[in-house]
Participant: 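Input: one structure, supplied below.
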Number of protein chains: 2
Amino acid sequence: MGQGGSGTLGGENLLFLTDEQLRKGIEAMFFAYRGFTADPDRILADHAYGRAHHRALHFINRTHGTTVNNLLTVLGVTKQSLNRVLRTLIADGLVESRVGRTDRRERNLYLTEAGKELERMLSEAQRNRMRAAYRAAGPQAVAGFRQVLEAMMDDEIFRQYIALKERRT
Amino acid sequence: MGQGGSGTLGGENLLFLTDEQLRKGIEAMFFAYRGFTADPDRILADHAYGRAHHRALHFINRTHGTTVNNLLTVLGVTKQSLNRVLRTLIADGLVESRVGRTDRRERNLYLTEAGKELERMLSEAQRNRMRAAYRAAGPQAVAGFRQVLEAMMDDEIFRQYIALKERRT
DNA sequence: CTTGGAATGTCAACAAGGCTGACATAAAAT
DNA sequence: ATTTTATGTCAGCCTTGTTGACATTCCAAG
């Protein structure tokens, strides 16, 4: 995609794109991501789970009945890696895996009540952090935040994700 | 640009803080971080290094002569974990470890020429991604991006980092 | 219908990089 | 002289990536 497009960028924005500014952005991203995961990580540690379990719970909750394959694509890991996490979640009764109706090779994934409860605890902790940051920064900053993040994603991955969401209804 | 009233937010900002908006922010953070690390990760794979090596190189380059203890604090890992990474970087001739002048228990860490070169390759890839995102979003969005990220950090950790930077000059 | 390939998911084994605990050494501080 | 601090190292564990091998299921071509 043509990086130019929307902008009508004047010379002004060359000013703030010094290496020093970019480096500060990189470090901010590093430290912020640590803060972003810190609260859920503490909860997960109590349950002997890791971040991978959180990600699985999040996206299963997000798209009920998603397949293992969909989840792989979204999470960007191998099926073997995801399988290990799913196995423990299923064994612990947090996730239910039903054989697909139309294609019986597929497994449709759902959160059980217990799964929903843990997911709620985790996402609540994370939302609280996010909410506090949004409040402190203000609505306009939030809009900018989202714009930059979206520009920073690998386009393919995100488009796949959107496509998956739209395909199922 | 107008967003002047950084504090004193009216009731308006309650509107955009729905759980759905927060969830989108959380997912954007997840996908963006993947994009953020993707390019350096590819380079690191060629050298049989991992993300941990990149982080060490980055912060040694950032504050020449930093000590092991400072680095632990900034990176938020244990000395055993950092030591493993540092050992390989020193063995491979990318990092030099000199006994401290004033306190000879300390080790001051420096990048060698080879270390600087790899660091440059990695950070250039990451800066390119960041620059493209900044360009696409525009200066105002970048300001908001930084504001939200800074509000999302664990305050203590970041303050320690700033303190470290200021202490040495 | 049968057979071969493709898609999907599971099991096994390995590696990176976190972690804790224990311990050694050297130097600084008391 | 003793204690504390900074660092390094060894051993062992856990999570979460990886690849390889394999079973099951579906579908399409013969």
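In the text below, chain A, chain B and the rest are named by the order of the sequence lines, each starting its count at 1. Remember, predicted model here, so these are calculated numbers, not experimental data.
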Participant: Is the shortest side-chain N to carboxylate O distance from A/R98 to A/E96 below 4.0 Å?
Facilitator: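 A/E96 and A/R98: salt-bridged.
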Participant: What about the rings of A/F30 and B/Y33, do their centers lie closer together than 6.0 Å?
Facilitator: no
Participant: What are the 5'-most and 3'-most nucleotides of DNA chain C lying under 4.0 Å from any heavy atom of chain B?
Facilitator: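 Boundary nucleotides touching chain B, in 5' to 3' order, are C/dG17 to C/dA28.
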Participant: Check the pair A/R23 / B/H58 against side chain to side chain contact (heavy atoms under 4.5 Å, CB included), numbers first and verdict last.
Facilitator: CA-CA 10 Å; A/R23 197 189 48 66; B/H58 176 103; 3.9 Å; yes
Participant: In residues 76-95 of chain B, which ones come under 4.0 Å of DNA chain C, going by heavy atoms?
Facilitator: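 Going residue by residue through residues 76-95 of chain B, the ones with a heavy atom under 4.0 Å of DNA chain C turn out to be B/G76, B/V77, B/T78, B/Q80, B/S81, B/R84.
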Participant: Specify the residues of residues 97-107 of chain B, ordered by number, for which at least one heavy atom lies under 4.0 angstrom from an atom of DNA chain C.
Facilitator: B/T102, B/D103, B/R104, B/R105
Participant: Whole angstroms only, please: what is the CG-C1' distance between A/L72 and D/dT16?
Facilitator: 14 Å
Participant: Can a salt bridge be assigned to the pair B/K24 and B/E27 using a cut-off of 4.0 Å between side-chain N and carboxylate O?
Facilitator: no
Participant: Taking atom CZ of A/R51 and atom CG of A/D41, what is their separation to the nearest 0.5 Å?
Facilitator: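 Between A/R51 CZ and A/D41 CG, I get 4.0 Å after rounding to 0.5 Å.
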Participant: I'd like to know whether CD of A/E117 has more than 12 heavy-atom contacts from other residues, nucleotides or ligands below 6.0 angstrom.
Facilitator: no
Participant: Going by heavy atoms in the side chains, are B/N70 and B/T63 under 4.5 Å from each other?
Facilitator: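 They are not in side-chain contact.
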Participant: Using the ring pair (Phe, Tyr, Trp, His ring centres under 6.0 Å) rule, take A/F36 and A/F31 through it: C-alpha gap first, then chi angles, then the decisive distance, then the call.
Facilitator: CA-CA 9 Å; A/F36 172 70; A/F31 288 114; over 10 Å; no
Participant: Grab the two heavy atoms, one from B/Q147 and one from A/A141, that are nearest each other, plus how far apart they are.
Facilitator: OE1-CB, 3.7 Å
Participant: Which pair of heavy atoms, one from B/I60 and one from B/L109, lies closest together, and at what distance?
Facilitator: CG2-O, 3.8 Å
Participant: Roughly, in whole Å, what's the span from CG in B/N69 to P in D/dT4?
Facilitator: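 These atoms are roughly 17 Å apart.
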